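Structure first, then comments.
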Amino acid sequence: MPPPSFGSAGEHRLQQHLGTADRAARFYDQQVHPHLTPEMREFIGRQAMVFLATADSHGECDASFRAGPPGFVHVIDDRTLAYPEFRGNGVLASAGNMLENPHLGMLFVDFTHHHVGLHVNGVARLYHDADLRLLHPGLPSDSAPGRNQHLWVHLTVEEAYIHCSKYIPHMEPAPRPGSHDASRPKDAQYFTRPRAAHCPSTP
């Protein structure tokens, strides 16, 4: 028999071991697409955040998060996405991984309305802003007001599928706390605590 069109060798071995191969085959056949459907494209155009999964050439993984105005992840066509990388802390962990290992996983989640997620996996390539605009002149020029994109991540879609909505929690949008809120620590201090004073042992 020909190998399955989707999924890794590891997941197929586990499916055989745990007896889920038939159910998984139906999922691959009915729900996994090698491109974005019109409904998926419309869904992405409404999303204001996305979770990213990358790994370096050794397989060391990193999870990250991107956000912007709805539609900041730009759908170029049914096999192509692009989103801007803005200047942040300068670490460039996700983009750096893509230079070593171009495989990128994206997860869009609607927590407020449809309570559904969308996985989009594919091969990423980094472009300078001016270079990608030569290829795709229709890119938005102000995808996040007040922030300048110096790089774009261009994704060639290999598979896209819906994430089950059963356990996605409902969340209500709320006003963002003020930046001068004294009770909110600075980012660098958020998960740090003062060190305990050294106590000499009792003789």
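Just so it is clear, the structure is predicted and the values come from calculations on it, not from any experiment.
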Counting heavy atoms not belonging to F65, are there more than 12 under 6.0 Å from its CZ? yes
In the single-linkage hydrophobic clustering (I, L, V, M, F, W, Y; side-chain heavy atoms under 4.5 Å), do V73 and L107 co-cluster? no
Over 12 foreign heavy atoms within 6.0 Å of CZ, R125: no
Indicate whether any N or O donor in one side chain lies under 3.5 Å from an N or O acceptor in the other, for E158 and N121. no
Look at atom CZ of R13 and say whether more than 12 heavy atoms of other residues, nucleotides or ligands are closer to it than 6.0 Å. no
Among H128, H74, H136, which residue meets the ring pair (Phe, Tyr, Trp, His ring centres under 6.0 Å) test with H154? H136
Under 3.5 Å, side-chain donor or acceptor atoms of residues 33-40 against the rest of the protein: list the pairs with distances, not counting sequence neighbours.
from	atom 1	to	atom 2	distance (Å)
T37	OG1	E39	OE1	3.4
T37	OG1	M40	N	3.2

N/O donor-acceptor pair under 3.5 Å between R79 side chain and L155 backbone: no
Does H170 NE2 have over 12 foreign heavy atoms under 6.0 Å away? yes
Looking only at atom types and distance, does a side-chain atom of H12 sit under 3.5 Å from a main-chain N or O of A21, one as donor and one as acceptor? no
Quick one: does H150's side chain have a donor or acceptor within less than 3.5 Å of a partner on E85's backbone? yes
For a 4.5 angstrom cut-off between non-hydrogen side-chain atoms, does L52 reach L104? yes
Please confirm whether the backbone N or O of D56 pairs with a side-chain atom of E100, one donor and one acceptor, at under 3.5 Å? no
Taking E11's backbone N and O only, do any of them form a donor-acceptor pair with S8's side chain (distance below 3.5 Å, no angle check)? yes
